[in-house]
Amino acid sequence: MFELFAYGDAGWGDEILRGLAITVQLAIVTLPVGLFLGFLAAFASLSGLRPLRALGFGYTTIMRGLPEILTLFVVYNGAGLLLNKGLRWWNPDAPPSDFSPFAAGVIALGMVFGAFAGEVLRGAFQSLDKGQVEAGRAIGMTDRQIFRRIQLPQLWRFALPGLGNLWINMLKDTALVSVIALDDLMRMTKVAVGVTKQPFTFYLLACLIYWAMCVLSEVVLAQMERRANRGIRRAV
Amino acid sequence: APASAQSLRLGTEGAYPPFNFIESNGEIAGFDVEIGLELCKRIGVECEVVAQDWDGIIPGLLANKYDFIIASMFITEDRKKQVDFTNPYYLAAMTHVAPKGAGITEFTNEALAGKVIGAQSGTTQADYVEATYPDADIRLYPTQDEVNLDMASGRIDLQVGDMLPMLDWTRKSDDGACCELAGEPITDPAFVGEGVGIAVRQEDDELREKLNAALAEIRADGTYKSINDKYFDVDVYTMK
Amino acid sequence: MTKPETILKAEDIHKSFGRLEVLKGISLEARNHDVISILGSSGSGKSTFLRCLNFLEIPTSGKVTVHGEEILVKNGKPQNVRHIEDIRSRLGMVFQQFNLWTHRTALENVMEGPVQVKREPNAEARDKAEALLKRVGLEDRMHMYPSQLSGGQQQRVAIARALAMEPDAILFDEPTSALDPELVGEVLKVMQSLAAEGRTMIVVTHEMGFAREVSSEVVFLHEGRIAEQGPPDEMFANPKTEVFERFISKVK
Amino acid sequence: MTKPETILKAEDIHKSFGRLEVLKGISLEARNHDVISILGSSGSGKSTFLRCLNFLEIPTSGKVTVHGEEILVKNGKPQNVRHIEDIRSRLGMVFQQFNLWTHRTALENVMEGPVQVKREPNAEARDKAEALLKRVGLEDRMHMYPSQLSGGQQQRVAIARALAMEPDAILFDEPTSALDPELVGEVLKVMQSLAAEGRTMIVVTHEMGFAREVSSEVVFLHEGRIAEQGPPDEMFANPKTEVFERFISKVK
Amino acid sequence: MNPIEILFEYWPRLLDGALMTLKLTFLGALIAGLVSPGLALIRVQAAPMAQAPLRLYVSFIRGTPILAQLFLIFYGSGQFRPALEEWGLWTFFRDPFNCALLAFALNSTAYQTEILRGGIMSVPQREIEAAKAIGMSRSKILRRVVFPHAYRIAWPALGNEVILLMKASALASVVTVFDVMGRTRQIFSRTFDFSVYLWAALIYLCITAAFVLLWRQAERRLSRHIHAPGTPRASAQPFKESQA
Ligand SMILES: Nc1ncnc2c1ncn2[C@@H]1O[C@H](COP(=O)(O)OP(=O)(O)OP(=O)(O)O)[C@@H](O)[C@H]1O
Ligand SMILES: Nc1ncnc2c1ncn2[C@@H]1O[C@H](COP(=O)(O)OP(=O)(O)OP(=O)(O)O)[C@@H](O)[C@H]1O
Ligand SMILES: [Mg+2]
Ligand SMILES: [Mg+2]
């Protein structure tokens with residue numbers, strides 16, 4: 001049994017670890033992309049401009065309503081085709097360019113993360129105490145000062161739990177990239193199953209690895225939340 | 001990619017033993033891959049092997065994720081609309097596979113109505129099953145591996161697969177021992193077409209010509225045969 | 001004492017929310033050392049009026065003048081938007097719910113305005129803030145966060161915060177009504193001492209005691225209009241309008 | 001009038017939260033027609049004591065007897081757990097925050113106890129509930145949800161809900177302190193009329209007026225003990241303890 | 001082919017997929033909806049030791065990709081066929097639909113339990129006290145006060161969960177259950193026509209939109225007492241006012 005997981009040519013330990021590395025890389029690269037999109041979406045939906053608001057609303061609503069796997073396929077299959085068509089149109093002699101599964105994964109997962117994060121951030125903005133904003137106005141602060149000095153520092157505190165959940169979801173969603181042939185943890189597991197014919201063993205192993213990552217994330221997030229709430233709740 | 005490139009990428013599935021599969025050291029190997037790499041050598045380029053799930057294998061070529069597909073793909077009219085094929089590099093037939101002692105002898109829609117029939121999704125086998133047995137309970141799997149896995153665990157009564165991999169599976173693997181080939185080989189040209197070819201993008205005529213030339217070369221000098229013999233008892237190029 | 005000088009003047013303030021006209025033309029003048037109590041039953045528009053004075057609500061029409069700086073509003077559009085922040089920094093405001101910034105300590109709450117709005121150097125602002133917190137009896141709570149303070153203490157921090165801007169006048173909107181009865185006293189004491197110092201204050205309140213004993217003028221709002229106005233002794237002794245009479249009898 | 005009969009008796013009630021002893025042995029007896037006001041500063045244990053009477057808090061030790069039914073508590077374990085629901089249905093309770101069931105109308109709130117606990121037929125319970133709501137002046141609000149009622153109205157529904165159980169005594173925990181000053185009057189009026197009817201009531205309150213004029217006995221709690229107790233006139237006229245004297249001076 | 005032709009040729013397959021998506025979602029949510037109230041109560045009330053297995057289950061489900069869970073149940077059960085046959089469970093696991101449904105129901109149960117637990121915990125303690133104060137029994141309090149409130153509070157979150165479940169059902173095709181997504185991939189691998197994805201997106205958005213409308217309707221009904229017309233100013237609770 002244990003030789004199955006051995007590290008090296010005979011066992012699957014090294015393949016699965018390599019898959020895990022891809023999974024972690026994918027999640028870590030996606031996070032800033034998703035957060036950036038999330039902030040854009042939140043600002044768009046809170047903006048005073050109607051078209052911008054509509055854009056923000058459309059993006060968050062549609063992306064949240066579509067299965068992640070559909071988004072992934074659209075990006076992976078569609079974007080590659082479009083990219084090449086676009087390039088040809090620009091320069092008929094352009095060499096066909098490459099659109100790697102990794103990039104597709106980052107873009108698709110980032111778009112999904114961004115849509116949800118947009119809502120989390122918008123909600124956090126709106127749950128900031130209006131009284132505190134008024135107190136800022138009442139001493140003559142400008143809107144920018146109010147945003148920077150009062151809203152932004154507290155935004156983090158309100159948004160952190162929601163963003164933490166999104167991170168964990170995204171970590172799990174990376175498993176979907178296995179269907180577009182990125183050699184992540186899930187795909188390496190499938191490969192191992194294909195060869196060893198031991199589906200239960202290997203899928204369970206994969207589950208346990210994902211679980212461990214999520215539990216670890218939860219621990220770290222709880223720590224961050226505690227820090228963010230310093231001084232907010234009573235010590236007792 | 002221009003055929004003059006120094007290196008090319010070879011796309012294959014990696015879940016279709018013995019033609020293409022992933023070994024426990026993570027390398028992709030198999031008949032398709034060996035032939036493909038040999039052809040690269042003859043053209044004079046380095047080749048990198050890229051694994052791609054079957055579902056997306058043609059889109060992947062069109063999106064330039066690799067430069068040609070050598071993945072036991074039948075040359076069919078539908079596929080020709082999207083990609084160009086080289087000359088066939090082996091001939092093939094499809095076959096039914098059933099659990100040993102299942103006693104299925106008649107292969108008509110009526111006889112198989114209600115039976116659970118499996119095949120890999122997106123393949124000519126799947127097309128064949130769907131067209132021939134509309135009244136059966138048809139299950140389509142992402143990979144051939146999974147069809148086999150489920151056949152071994154007894155979820156399906158019958159499957160249709162490529163002749164050679166099925167031969168290999170039923171005779172050489174442990175889990176394949178559950179099952180045996182059933183009925184006559186399926187050679188209906190409407191499904192099997194002209195045989196199995198290498199797919200390239202339609203604009204890459206030069207690459208296609210080079211591949212054809214290299215194929216003829218390895219066929220002529222016996223390299224093909226030595227690879228063939230590592231995997232099969234018969235010469236798959238002629239099926240004789 | 002200097003001679004009475006007009007600090008804040010509101011002329012014919014109107015305010016509607018949608019189709020509901022809440023303020024129907026209110027004028028009020030506060031001179032140096034005035035302590036004006038605004039009374040009125042719930043919904044009469046007291047808070048709205050107070051908030052119009054420093055443009056937390058933009059009046060529908062009217063004119064507000066603070067220390068010579070005037071803003072005229074027509075059709076809900078202030079003519080001199082630039083001056084709004086200026087006027088706000090000249091008028092301190094103390095809210096019913098204190099509205100302290102929960103992510104800052106008491107001291108930081110008090111320093112924020114001077115440093116960020118008036119651009120005072122940090123050290124200077126800190127000294128002043130410490131002095132002010134001592135003034136309201138909180139020298140030992142300066143580094144606590146609002147959530148660690150009682151309501152009465154929070155409200156005293158809010159008063160110190162308003163004072164830190166060295167305002168020409170301070171507006172109070174029911175500063176004690178969110179407090180437990182026992183904590184009311186400490187805040188009223190601070191307000192009383194501010195009045196004794198000669199600060200100009202406008203106070204919306206339900207505390208009849210304060211209105212009677214501390215204020216120099218009482219304004220009674222009824223349905224968006226000033227129904228009665230005058231020195232407290234006179235007004236409470238013989239109310240002229242029936243509504244005010246009923247109001248006094250109900251509240252105590 | 002019937003002759004005084006003991007309705008509720010609490011003997012030597014102790015209550016600790018963790019290591020904090022909040023009640024340090026309190027005994028109290030309420031007879032027919034008694035209206036007992038419990039005074040005390042914040043944190044003195046008034047609410048806790050009241051909640052021990054109907055076991056919303058389980059005392060650490062002591063004995064509560066309601067109408068002959070007694071529950072003895074030792075080491076935080078009541079000896080007669082079965083009787084708790086019984087005792088509760090004999091003691092009405094009116095909370096500071098009203099605690100109406102927000103998902104039921106006023107009428108449904110009042111009917112809930114009789115129908116669900118006392119198993120009265122629906123129609124009968126409805127008639128009674130309607131009569132009670134009329135009694136507290138809410139005949140035109142019966143089908144409204146709590147969120148559609150003012151605080152004073154909600155508190156009156158809560159009183160009707162307590163009355164609907166035909167309790168032997170009603171406990172009030174600061175029934176007016178969550179109300180706007182203007183709404184206090186309506187609730188006090190209803191309570192006054194209940195007292196006049198001869199209902200047995202135990203009232204935790206900050207309303208000195210009510211304590212003085214309506215109650216037959218005043219109990220002053222200080223740090224978990226009864227510091228002073230007696231008829232209101234006497235107590236307010238000459239407080240015997242320093243703490244009570246200080247208390248009266250602070251609250252008014 | 002243009003998008004319309006694709007739809008014209010393949011609509012029966014897409015419709016078939018849509019029905020499967022609905023069936024999986026509805027049955028999965030329903031089973032979870034029946035099981036979760038009991039589990040939620042355990043989560044709120046039971047001793048920590050008694051909760052341990054439940055917490056482990058919820059944590060596992062929430063911490064692992066549903067794709068992995070699907071594979072684990074479907075292909076994993078195949079590995080244990082002899083044992084399952086012995087217990088008479090193989091007939092259940094033999095059918096891929098059952099396996100997929102089991103995975104989704106297990107998944108949704110975990111999430112619904114947590115949501116409902118949150119709902120139960122945010123029932124105003126005071127209203128429970130008021131019920132105790134008139135002498136209601138525990139079970140009555142649950143039925144008359146706690147659950148009506150908890151469902152109202154949890155309703156929007158439960159709706160979200162159903163939508164998430166519907167999206168998750170797009171993975172069913174990996175175990176040969178062909179929902180909208182499965183059909184779409186099948187059509188795409190035949191036509192390589194991108195527009196079929198757009199039709200799939202449209203189908204999902206329509207299902208979601210219809211569901212959201214229905215759910216809102218029900219929510220409005222559940223919260224009559226909050227959105228009741230003619231609500232006066234909440235003068236009763238000066239604390240709540242400015243926080244709204
Ligand atoms: N932002 C708003 N939108 C709509 N109506 C409002 C708004 N703010 C206040 N009102 C309405 O204006 C009227 C006056 O409100 P205001 O808060 O000024 O009364 P108030 O005298 O301060 O009462 P209270 O003593 O209860 O604080 C009320 O009828 C209120 O409902
Ligand atoms: N559930 C609890 N856990 C721990 N301590 C509590 C609890 N309930 C009350 N206390 C403490 O018991 C003491 C008495 O509280 P209680 O609510 O009875 O006071 P009170 O006299 O009613 O005050 P108030 O006038 O503020 O309502 C307080 O110090 C309070 O902090
Ligand atoms: Mg107000
Ligand atoms: Mg209390």
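Below, chains carry the letters A, B, ... as their sequence lines are ordered, and counting in each starts from 1.
Contacts between residues 208-221 of chain A and chain E, counted as heavy-atom pairs separated by less than 4.5 Å, involve A:L208, A:Y210, A:W211, A:C214, A:V215. Contacts between residues 72-99 of chain E and chain A, defined by a heavy-atom separation under 4.5 Å, are made by E:L72, E:Y75, E:G76, E:Q79, E:F80. Residues of residues 111-121 of chain E that come closer than 4.5 Å to chain A, counting heavy atoms only, are E:Y111, ordered by residue number.
Formation of a donor-acceptor pair under 3.5 Å by the A:K172 side chain with backbone atoms of E:R62 is found in this model.
Contacts of A:A206 with chain E are absent, with no heavy-atom separation under 4.5 Å from either backbone or side chain. Contacts of E:S59 with chain A are made by both backbone and side-chain atoms, with heavy-atom separations under 4.5 Å. Contacts of E:L171 with chain A are made by side-chain atoms alone, with heavy-atom separations under 4.5 Å and no backbone atom involved.
Inter-residue side-chain proximity for A:V74 and E:F194 is flagged as met; some heavy-atom pair is nearer than 4.5 Å. Residues E:Q69 and A:Y203 fail the side-chain proximity criterion, which asks for heavy atoms closer than 4.5 Å.
Around the CZ atom of E:R216, the shell of radius 6.0 Å holds no more than 12 heavy atoms that belong to other residues, nucleotides or ligands.
When all heavy atoms of E:L67 and A:S178 are compared, the pair lying nearest together is CD2-OG, 3.8 Å.
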Show which side-chain atoms of residues 64-71 of chain A pair as donor or acceptor with protein atoms under 3.5 Å away, not counting sequence neighbours.
unit_1, atom_1, unit_2, atom_2, d
A:R64, NE, A:T60, O, 3.1
A:E68, OE2, E:K167, NZ, 3.2
A:T71, OG1, A:P67, O, 3.4

Stepwise side chain to side chain contact (heavy atoms under 4.5 Å, CB included) check, E:F71 with A:M186: CA-CA 10 Å; E:F71 281 130; A:M186 193 66 210; 3.3 Å; yes
